[in-house]
Amino acid sequence: MTANPTSSVPPLTQRPAWRALEAHYQQIKDAHLRDLFAHDPQRGTKFVAEGAGLYFDYSKHRVTDETLRLLLQLAQECGLRERIDAMFRGDPINITENRSVLHVALRAPRDAVIMAEGRNVVPEVHAVLDKMSAFADQVRGGAWKGYTGQRIRNVINIGIGGSDLGPVMAYEALKDYSDRNMTFRFVSNVDGTDFVEATRDLNPAETLFIISSKTFTTLETMTNAQSARAWVLNALHDENAVARHFVAVSTNAEEVQKFGIDTANMFGFWDWVGGRYSMDSAIGLSTMIAVGPENFRQMLAGFHAMDEHFRATPFERNLPVLMGLLAVWYNNFFGAQTVAVLPYDHYLKRFPAYLQQLTMESNGKSVTLDGLQVNYQTGQIFWGEPGTNGQHSFYQLIHQGTKLIPCDFIGFSQTLNPLGDHHDLLMANLFAQTEALAFGKTPEQVKAEGTADALVPHRTFAGNHPTTTILAERLTPATLGTLVALYEHSVFTQGTIWQIDSFDQWGVELGKVLAKRIIPELQSKDEPQLNHDSSTNALIRRYRQQRGSRG
Ligand code: G6Q
């Protein structure tokens, strides 16, 4: 394992800034946003930062100048500057896998120089982008034909986790920019329902499968890929059809070839791209086919703008740094367990699901880079739904429940679908929610409205619920890239403070291994010898009994 650059510093909770934050928390924990705003009329424009086209309002957070000063000091004591530089330099900061972490290279301009393992990786990145562009143009323009000579009208991405969530999210987010004459679907779950429902109304002769798998060994993806192969061959009756209806995105040329995919139609990426950081690599091929190479490049430019902002902007004005530090503030000092992400744009409906993987797989760790058990909280639970739907469901708990839930509100000044006054109504709701959450409604205000005494407690809103508002002009491919990079770098900031490896995911391994052992126990003809715990044994027996024979 590579030497850990942070091993010489004291444990997190013994750092001066951490201790000072603990003391500061005791002073500020009961301060109400009502008073913070009343004492500083400039607050709403002071605690604001802008970068890469995003307006980031963090004034409705339970922070003061002193809180920010201490959080920024904590960032410094945790070596955030050095860690950012190390990431951009291509140091192997994913220490448990001894890998560089260079998703920033995926969106670097053609003339940039970013080194990994002694060579500039940018030309390779652009070579793959060029190859993707040529292929996407062929498919979009109808030059790439299916085996029977028919035009490709349907594209199905088969992948899971990092090879699925980004492509699905980006396709939904950028639907307005997509080719509406084509159908795009995404199959991830090993549950056959996913595949059957995605293909039931499609013609195999017009369908292209993109098998997206870094390793090309993932059980779910390979099972779905085999079913796709059978589905195509069942209709087209010739093995040669595979090469026209399947392309691969992978790092594993050998397995791709074994599957029958021509490696000329394989789009590569590299070990230094983590799955959940890969939507802007070749894993985004479905996105590129949907929206076209130019829009894809715009998206990359948006990512890059945020990368540069993160790398070069002083921390006190640096959006991902501020976002990450605020997350630490609530997670570690207020004891908040979750973060709600509330996009006020229907196209971003899969954004919270995408962020769940990005944030929770990255920072759901409980040992430090040195392998020591942490004695503080790490990654929060991310969740959310698009506004205004959430308002009619779970917002009740955020407003009047007993949990503290910091929220990210994301909105756009212009809509992609002008329709009457819908957009003003949507945005009025966004602004109203952050106002209501911050300021609430006092019992006096409720009483003054003539509410019966018995109902006053029920109709009172305590307020003081922290929110960030992220406002951009319009949802474009570039804005999407910028937003994703904002969260990526916020996750990195948090992981740096918590001294964890945000880029590995050992926690997903155990279940996979155990499933491999159980598969033959479910499928064997003879009653298997079961050596699990009594619960698992009984469940397997019951399943075998109820499932009957496969026929
Ligand atoms: C992401 C994870 C994980 C991965 C999937 C798919 O960071 O590594 O979600 O993306 O397990 O892996 P393959 O692309 O290798 O099929």
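Counting convention: from 1, in listed order, for ligands and their atoms alike.
- The ligand atoms of ligand 1 that sit less than 4.0 angstrom from a heavy atom of Gln505 are 7 (O), 8 (O).
- By the definition of a contact as any protein heavy atom under 4.0 Å away, atom 11 (O) of ligand 1 is not in contact.
- In this structure, atom 15 (O) of ligand 1 lies nearest to the protein heavy atom Thr215 OG1, 2.6 Å.
- With respect to Glu239 and Arg229, a salt bridge is recorded, a charged nitrogen being found less than 4.0 Å from a carboxylate O.
- Taking the six-membered ring wherever Trp is involved, the centroid distance between the rings of Tyr487 and Tyr354 does not fall below 6.0 Å.
- Among protein heavy atoms, atom 5 (C) of ligand 1 sits closest to Ile160 O, 3.4 Å.
- The shortest N/O to N/O separation between Lys512 and ligand 1 does not fall below 3.5 Å.
- Of all the atoms in ligand 1, the ones that sit under 4.0 Å from a non-hydrogen atom of Ser213 are 13 (P), 14 (O), 15 (O), 16 (O).
- One finds a salt bridge joining Arg81 and Asp85 here, because a Lys/Arg side-chain nitrogen approaches an Asp/Glu carboxylate oxygen to under 4.0 Å.
- Close contacts between ligand 1 and Arg276 involve ligand atoms 1 (C), 7 (O) [criterion: under 4.0 Å to a heavy atom].
- Considering both main-chain and side-chain atoms, Ser212 never comes within under 3.5 Å of ligand 1 through any nitrogen or oxygen pair.
- For ligand 1, the polar-atom distance check against Thr218 finds a nitrogen or oxygen pair separated by under 3.5 Å.
- Atom-to-atom distance recorded for Asp91:CG and Arg83:CZ is 9.0 Å, nearest 0.5 angstrom.
- Using a 4.0 Å cut-off to heavy atoms of Ser163, the atoms of ligand 1 that qualify are 10 (O), 13 (P), 14 (O).
- In terms of protein heavy atoms, atom 9 (O) of ligand 1 is closest to Gln357 NE2, 2.7 Å.
- The cationic group of Lys175 does not satisfy the cation-pi geometry with Tyr347, failing either the under 6.0 Å distance to the six-membered ring centre or the 45° limit from the ring axis.
- Defined by atom type and a distance below 3.5 Å, a donor-acceptor pair is present between the side-chain atoms of Thr218 and Thr215.
- By the 6.0 Å and 45° rule, Arg99 does not stack over the aromatic ring of Trp270.
- To the nearest 0.5 angstrom, Ile152 atom CD1 is 7.0 Å from Thr207 atom OG1.
- Between Gly162 and ligand 1, at least one N/O pair is under 3.5 Å apart.
- In this structure, Phe135 and Trp144 have perpendicular ring planes: the angle between them is above 60°, well past the 30° mark.
- What sits closest to atom 1 (C) of ligand 1 on the protein, heavy atoms only, is Glu361 OE1, 3.1 Å.
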